Amino acid sequence: VTVPEGYEWDVLVRWGQPMWSGVADVDQATGGTAETQAKSFGDNTDGMAVFSKGDHQILAVNNEYIQNKVLLKDREDGKAINVADVQKMKNAHGISILEIEEGANGWAPVLDSEFNRRITIDTPMELTGPVAGHELVKTSADPEGKTVLGTWNNCGNGETPWGTYLTCEENFNGYFGSSDENQELPAELKRYGIKTSSRYGFEKFDARFDLSKDINEPNRHGYIVEIDATDPTSTPKKRTALGRFKHENAEVVLASDGRVVVYMGDDERGEFLYRFVSDNAYVEGGDTDNLLTEGQLYVAKFNDDLTGEWLALTPETTGMTKEEICIHTRVAASAVGATTMDRPEWVAVNPLRVEAYCALTNNKNRGLKPNAGGDETPVGGPNPREANNFGQIVRWRPEGGEHTDDGFTWDLYVLAGNPELYPEGPLAGSDNINAGNMFNSPDGMVFDSKGLLWIQTDGNYSNEGDFAGQGNNQMLIGDPATGEIVRFLTGPQNCEVTGLCFSLDRRTAFVGIQHPAA
């Protein structure tokens, strides 16, 4: 990791590091055991946030997915051969919650803290909101459709004004398969990329992931999960009112009337940008349980004239029930003619101005292929390049100065590119891109308290062809007022840089380095 002169970096915690005493450190030859992984820091860090209780600082970290050839190093091609292998894979997913403290030797986890907790694919959770109890989420193991096991492929995150952690389920689809390879799947499942073969083979050892055994199980995943990181006895809650899709992050902001607004991106080529507005207002110290269960879900429509509007997803506009909208949210967004986007990733709201930003990381299919639902992906608006390999960041400002406004104006804060190879034209990028700051595939984004935008990348690190000179993935800082962007951090080879948050005194930044490799 490279940082500027005057700064230093160190490792806070790594995959397989025990969170409790008496637990063996990860065995690099085998990837450890299911038992040790359940009590150790999970794999592949992504979104994260710091919370406090008294004098304690508590870090919640998403463990998005696993590298099975590392976790199952003693298995051929990293393939599970028994239930124990699958259990180890499950236990490396989810969320790691750990107390951290700064000592004479820097920051470190607090072993055996009362706040330490691992949340995995098998942790019981509550389904809340419109979907709870619906026929499409009832299974043989949960005939009431109100209790679900686990969360996985947790990508970005969010924080609520009342101090809870929002973890976002992204590529949940790749965990399901079928013992019947000829099984015909419903179109709604296909829209989410669910197939009869899975990425990890869970279905061979756990019937919950076998579509031929329970076709409704996928409908119970792909949500935002609310967790009280300061209470290790609390039950995580899946907030279905915020829609079901491949959630990147959840950016929460309060309107002046106290209503809660949540911006969310669906990270797939040609999918959509969403907004949720609560029915009720947040009152400090009041009941918050209904704020993410009762409200209106919207999807964004961008016009070529730099205006746009939030389209309400209702039974009247979509021809679907409220429950169906929350389960098959992509289908609902297609029904109202929302704008297909170049993979909406993290959304960040400026704390000093009523405006929001979304990283559109890339889309090799732009202008060439429709999305998974058959919606066209024309070149134009906030997606101005065909076969977009570099990405861009779009920003919008509510027309009336409130995040609850239905109309907005928009522009592009930055169009990533390579001006060294392409001095002119769309592949050069916008005017604020130069040889010293060029990058591709903006992904994670976080504003700091001074209104500076921190941009993290997860793109092509070959340093060849169109990407020559761009090097490894990195973290940059942008000034929204001037448009200036400068590089701050460069990660090691092959990694994604992700998951930025700060210590309570704002002197330390915690950054995720996902899947580094020599």
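All of these numbers come straight from a predicted model, not from anything done at the bench.
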Item to complete: Evaluate side-chain hydrogen bond (donor to acceptor under 3.5 Å, both in side chains) for Trp15 paired with Gln67, printing each intermediate quantity in order.
Response: CA-CA 11 Å; Trp15 163 66; Gln67 297 169 96; over 6 Å; no
Side chain of [X], backbone of [Y]: donor and acceptor closer than 3.5 Å?
X: Glu402; Y: Ser256; answer: yes
X: Gln296; Y: Leu313; answer: yes
X: Asn249; Y: Val347; answer: yes
X: Asn418; Y: Glu420; answer: yes
X: Asp448; Y: Leu452; answer: yes
X: Thr318; Y: Ala332; answer: no
X: Asp375; Y: Pro370; answer: no
X: Ser430; Y: Leu415; answer: yes
X: Asn437; Y: Asn432; answer: yes
X: Asn388; Y: Phe390; answer: yes

Discussion item. Check the orientation of His93 and Tyr200. Use parallel for under 30°, tilted for 30 to 60°, and perpendicular for over 60°.
Written reply: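 The arrangement is perpendicular - the two ring planes meet at more than 60°.
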Practice prompt. Describe, in one word, how the ring planes of Phe502 and Trp454 are oriented to each other, choosing from parallel (under 30°), tilted (30 to 60°) and perpendicular (over 60°).
Written response: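 It falls in the perpendicular class, over 60°.
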Ring pair (Phe, Tyr, Trp, His ring centres under 6.0 Å) partners of [X], counting only residues at least two apart:
X: Phe41; value: none
X: His328; value: none
X: Tyr461; value: none
X: Tyr263; value: Trp310, Trp396, His403

Discussion item. Considering only residues two or more places apart or on different chains, which pairs with a residue in residues 417-451 satisfy ring pair (Phe, Tyr, Trp, His ring centres under 6.0 Å)?
Written reply: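 Qualifying pairs, neighbours excluded: Tyr357-Phe447.
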Discussion item. Side chains of Phe272 and Ser334, heavy atoms from C-beta outward: is any pair under 4.5 Å?
Written reply: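 Counting from C-beta outward, Phe272 and Ser334 do come under 4.5 Å.
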Worksheet entry | 4.5 Å side-chain heavy-atom contact, Asp10 and Trp107 | no
For [X], side chain to side chain contact (heavy atoms under 4.5 Å, CB included) partners two or more places apart:
X: Leu368; answer: Glu386, Ala387
X: Asn173; answer: Asn171, Ile194, Lys246
X: Thr377; answer: Thr340, Arg366

Practice prompt. State yes or no: are the ring centers of Tyr7 and Phe488 separated by less than 6.0 Å?
Written response: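 Yes, they do, as the ring centres are separated by less than 6.0 Å.
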Discussion item. I'd like to know whether the aromatic ring centres of Tyr274 and Phe245 sit less than 6.0 Å apart in this structure.
Written reply: yes
Discussion item. Between Thr457 and Gln474, does the side-chain hydrogen bond (donor to acceptor under 3.5 Å, both in side chains) criterion hold? Intermediate values first, please.
Written reply: CA-CA 6 Å; Thr457 71; Gln474 57 197 273; 4.8 Å; no
Among pairs that include at least one residue of [range], which meet salt bridge (charged side-chain N to carboxylate O under 4.0 Å, His left out), considering only residues two or more places apart or in two chains?
range: residues 484-501; value: none
range: residues 407-419; value: Arg395-Asp411
range: residues 423-446; value: none

Can you name the nearest heavy-atom pair linking [X] to [Y], along with the distance?
X: Ile224; Y: Cys168; value: CG1-SG, 4.0 Å
X: Leu504; Y: Ser52; value: CD1-CB, 3.4 Å
X: Gln37; Y: Arg118; value: O-NH1, 3.1 Å
X: Thr498; Y: Thr45; value: CG2-O, 3.4 Å

Worksheet item: Could you walk me through whether Asn363 and Asp342 pass the side-chain hydrogen bond (donor to acceptor under 3.5 Å, both in side chains) check?
Response: CA-CA 5 Å; Asn363 183 0; Asp342 285 350; 3.0 Å; yes
Discussion item. Tell me whether the NZ or CZ atom of Arg244 lies within the 45° cone about the ring axis of Tyr192 and under 6.0 Å from its centre.
Written reply: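 Here Arg244 passes the 6.0 Å and 45° test against Tyr192.
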Item to complete: Please step through salt bridge (charged side-chain N to carboxylate O under 4.0 Å, His left out) for the pair Arg507 and Asp505, ending with a clear verdict.
Response: CA-CA 5 Å; Arg507 293 178 56 249; Asp505 63 8; 3.7 Å; yes
Fill in: Check: Asn472/Thr490 side-chain N/O donor and acceptor closer than 3.5 Å
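Note: Asn472 and Thr490 side chains miss the donor-acceptor criterion.
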Worksheet entry | Any side-chain donor near an acceptor of the partner, His221 and Glu169, under 3.5 Å | no
Solution key, residues 298-305 side-chain donor-acceptor pairs under 3.5 Å, sequence neighbours excluded:
| from | atom 1 | to | atom 2 | distance (Å) |
| --- | --- | --- | --- | --- |
| Lys301 | NZ | Gly337 | O | 3.3 |
| Asn303 | ND2 | Thr307 | OG1 | 3.1 |
| Asp304 | OD1 | Gly381 | N | 3.2 |
| Asp305 | OD1 | Thr307 | N | 3.2 |
| Asp305 | OD1 | Thr307 | OG1 | 2.5 |

